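Residue numbers begin at 1 in each chain, while the letters A, B, ... track the order of the sequences. From a predicted model like this one, the values you see are computed outputs, not experimental measurements.
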4 protein chains.
Amino acid sequence: MGRTKAKPGVKPGPKVGKDRRQEILAAAAQVITDRGLSETRIQDIAETCGVSTGLILYYFESKDRLLVEALTYANDQFYLRLSRELRKNPSARAQLDRLIELSVPGLLPEFQFLDEWALWVEIWVRALRDPEMAKEHEVLNRRWRRSIADIVRHGRSTGEFPEGLDADELGIQIGAVVDGLAIQVLMDHGDVTPDDMLRVSRDVSAKLIGFALEPAGA
Amino acid sequence: MGRTKAKPGVKPGPKVGKDRRQEILAAAAQVITDRGLSETRIQDIAETCGVSTGLILYYFESKDRLLVEALTYANDQFYLRLSRELRKNPSARAQLDRLIELSVPGLLPEFQFLDEWALWVEIWVRALRDPEMAKEHEVLNRRWRRSIADIVRHGRSTGEFPEGLDADELGIQIGAVVDGLAIQVLMDHGDVTPDDMLRVSRDVSAKLIGFALEPAGA
Amino acid sequence: MGRTKAKPGVKPGPKVGKDRRQEILAAAAQVITDRGLSETRIQDIAETCGVSTGLILYYFESKDRLLVEALTYANDQFYLRLSRELRKNPSARAQLDRLIELSVPGLLPEFQFLDEWALWVEIWVRALRDPEMAKEHEVLNRRWRRSIADIVRHGRSTGEFPEGLDADELGIQIGAVVDGLAIQVLMDHGDVTPDDMLRVSRDVSAKLIGFALEPAGA
Amino acid sequence: MGRTKAKPGVKPGPKVGKDRRQEILAAAAQVITDRGLSETRIQDIAETCGVSTGLILYYFESKDRLLVEALTYANDQFYLRLSRELRKNPSARAQLDRLIELSVPGLLPEFQFLDEWALWVEIWVRALRDPEMAKEHEVLNRRWRRSIADIVRHGRSTGEFPEGLDADELGIQIGAVVDGLAIQVLMDHGDVTPDDMLRVSRDVSAKLIGFALEPAGA
DNA sequence: TATGAATGAGAGTTCATTCAT
DNA sequence: GATGAATGAACTCTCATTCAT
């Protein structure tokens, strides 16, 4: 991957601040995904990017700050990829399809580098008690719902979707369905498979927005 | 029921095991709700029920075991209260209404003694990495979806609801909406209020099940 | 000495709280004397009394609290020994002599178990910036000056000393001389020896109080 | 004097070694005064003189070396100012008065740029265990006592002071009184005010040297 | 000269767990 | 059953020191 791998026995030398920060944030997000937020140690992050623990705290004022930034960073990355994908599709229905597809946990591992939903759950837990995280969550959350609402608005402007409920309201409704289903898939009991999520999300979205889906398999 | 009855007004001496366990579980659930799972110390739980830390570990083999049991215990309590409430209503529509009502975070504090949804989120996080919790979650989760599916089945048997999608499928769909909205309410940004959740859950459920809601205010 | 020595390989077993606290305070005072306040580690104290570092912080809320208490404790011990000694002498001049004698650094090692003056200097440094220590210092300091003033008052009541300056004022003056000389002796450059301090303190005290010393060697 | 003169108003480039060293020493003395020796970090010193920590250690082989030098440096500065002041007064009694005046903590802030006595206490603590500091202290200490003894000798040569005790002995005695009182004033409990120190130091000095003070207010 | 990124050795503190009583 | 003293293994964070640039 994009990691600079230090040859053993050779000091990699200093990097400019911004690169290092991003490297650390990426490492942190990775570790949080792997071990969970509460089991993430600074040491783990340091090892993941091959530096000392001292350096981590040289770039971030505290572990807590770093973790919040890492969660935000990972979500930002996801959002950027998502936006890029959506822009490729002119049709609102294709966009909606793509958004759903990209949101199914584990469906497109080449797209979801990290387990984005696992990070969302960590964000929720933390936001419940950490005002700083709560603030960040508010931003991330609105951005997510707006992505959906924007698709609805776009679909109406092109005539693909009928007029109806307020688009923001639909953002909330469809967002809730996708969130709720993603949790089920994430928990991985087999009751709700990725394919189930895909199908159900589409069905329910269609019903809520008010357009007809092609018959399955079409 | 085999309980030793502590004489009222007398300092309770040693208690029989089952009582103590429940007391500790209740205290643990309370502390987890207050401080979050990862910030819960055995000492906190001990203080909450006025015993020593030693005693906590005398009854539970380890902190981890205790926490998992406490989360399960709290959810059981919620489920028992929910079932009791549902049984009071003969009509499926009233049952569905009641289920939704009881699920809105913070709407009925006299019913939700603890912040049940905050505990759900903790369960999700933990289930992601702890197989024991994952196992428990599977049970709790199915029970929750079945509560919904059973209402659907009941409504169809009484003719209140039309035939349509598989009831279990609807359990998943409506469950997802409720879960997703509950998170939004829980996060408490004001974008989705308890009343919003109430209204939207009812609307979407009606649309998905296929019955007509009375006009608002009726 | 009074230390319970744990047989190797055998756990010494728990002690009652108050004993342990005193043991730790004594150990802390010892370590501070040996290595200096700023070089005193909790680990050092723990080793000195043969317990774990965890136990130290089980008895004292923080290292800082412990250090302040230890300095106070050591001074208390010194003061108690001093008072006991003074009470043995009915004559004010003998009391003054004894007080001076007991105050000379290193003169009576069987009396000054610790290097009390080294601890005083640490108290001064700390009191300059730590309000808690400043508060304690105020008490210890006044007690010290009052010991001197009380001797003066006693001497006047017996007719040994002439009337003159306010006794508290003399407490300040003689206290200052003793403090100042003690520092010189403590620094141990040989310019002011313990015997010098003894002699000078007596001379200056006599002059300040206003009585005649017997010719040297009498 | 071999100084590179930095053009005024122009960002100073690299400086010649001696200037830099002095700048750093002054900054170090300032920081030690402000925060105390044991709380002084290289970083603090670096910030105070606006350079990097690297540079500090480029000029001083280690933190410990720097601190000792800084304490010496500050005392040197005080001594130079003191000597200059004394030379202004031909009369020994005026010199003694001035010396005492200049020694009272906080009395003449325009003269005592730093809290010289706070630094003395730090010197004492450090000298107790650091042989290097002990060595320096010996020098500084003797210089201090000699300043007093020299005034006594001067006063005798002019006939202001009577013959009597050895002048060095008086240096020790008066020095001790001043040291002891300075500590009391420094501790700032209000029991010994700067004015008290002034008055008492003069009284006791007069008594010890053997001359008569003018009546107060004269 | 001067910088500041990087290290690494501790330091204090927390806390689950044990165990003698 | 119940206590709480005691342990010891982590963990976060600090800071003097080094070194490539």
(request) Please figure out whether A:Ile56 or B:Lys63 has its closest DNA chain E nucleotide nearer the 5' end. (result)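 Going by which nucleotide is closer to the 5' end, it is A:Ile56.
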(message) So if I take every side-chain heavy atom of C:Leu55 and compare against F:dC13, F:dA6, F:dT3, which nucleotide ends up nearest?
(response)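 Nearest listed nucleotide: F:dA6.
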Rounded to whole angstrom units, what separation is found between the [atom1] atom of [X] and the [atom2] atom of [N]?
| X | N | atom1 | atom2 | answer |
| --- | --- | --- | --- | --- |
| C:Asp64 | E:dA11 | CG | P | 15 Å |
| B:Glu23 | F:dA2 | CD | C1' | 13 Å |
| D:Leu37 | F:dA16 | CG | P | 11 Å |
| A:Leu57 | E:dG10 | CG | P | 19 Å |
| B:Asp19 | F:dG1 | CG | P | 10 Å |
| D:Tyr58 | E:dG4 | OH | C1' | 16 Å |
| A:Leu67 | F:dT12 | CG | C1' | 12 Å |
| B:Arg21 | F:dA2 | CZ | P | 14 Å |

Residues in side chain to side chain donor-acceptor pair (under 3.5 Å) contact with [X], at least two apart in sequence or another chain:
| X | answer |
| --- | --- |
| C:Gln77 | none |
| D:Asp44 | D:Arg35 |
| D:Asp115 | none |

Return the set of residues passing side-chain contact (heavy atoms from CB on, under 4.5 Å) with [X] (not counting sequence neighbours), or none when no residue passes.
| X | result |
| --- | --- |
| D:Leu57 | D:Ile42 |
| C:Glu69 | C:Arg21, C:Leu25, C:Phe60, C:Arg65 |
| A:Ala127 | A:Met133, A:Ala134, A:His137, B:Met187 |

(message) With nearest nucleotide decided by heavy atoms, which residue, A:Glu61 or D:Thr53, maps closer to the 5′ end of DNA chain F?
(response)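 Its nearest nucleotide being more 5', the pick is A:Glu61.
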(request) Using the closest heavy atom to pick a nucleotide of DNA chain F for each, name whichever of B:Val51 or A:Gly54 lands nearer the 5' end. (result)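 Checking each residue's closest nucleotide, the 5'-ward one belongs to B:Val51.
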(request) Fill in the dot-bracket string of DNA chain E, one character per base: . for unpaired, | for a pair to another strand, ( ) or [ ] for pairs within the strand, taking Watson-Crick or G-U pairs under 3.5 Å. (result) .||||||||||||||||||||
(request) Take B:Arg126 and B:Leu37 through the side chain to side chain contact (heavy atoms under 4.5 Å, CB included) test and state the conclusion after the steps. (result) CA-CA 9 Å; B:Arg126 189 161 189 117; B:Leu37 191 61; 3.9 Å; yes
(message) Taking the C1' atom in each of E:dT1 and F:dT21, what is the distance between them to the nearest angstrom?
(response)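 So the two C1' atoms sit 13 Å from each other.
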(message) Using the salt bridge (charged side-chain N to carboxylate O under 4.0 Å, His left out) criterion, which residues pair with A:Asp34? Sequence neighbours excluded.
(response)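 In terms of salt bridge (charged side-chain N to carboxylate O under 4.0 Å, His left out), with neighbours along the sequence ignored, A:Asp34 is linked to no residue.
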(message) Contact list please: residues 39-48 of chain D against DNA chain E, heavy atoms, distance less than 4.0 Å, in numerical order.
(response)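 Close to the strand, none.
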(request) Establish, with yes or no, whether the OP1 or OP2 oxygen of F:dA6 is under 4.0 angstrom from a side-chain nitrogen or oxygen of C:Tyr59. (result)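 For C:Tyr59, the contact criterion (side-chain N or O under 4.0 Å from OP1 or OP2 of F:dA6) is met.
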(request) For the pair C:Arg20 and C:Glu23, find out whether any cationic side-chain nitrogen is under 4.0 Å from an anionic carboxylate oxygen. (result)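 Result for this pair is yes, salt bridge flagged.
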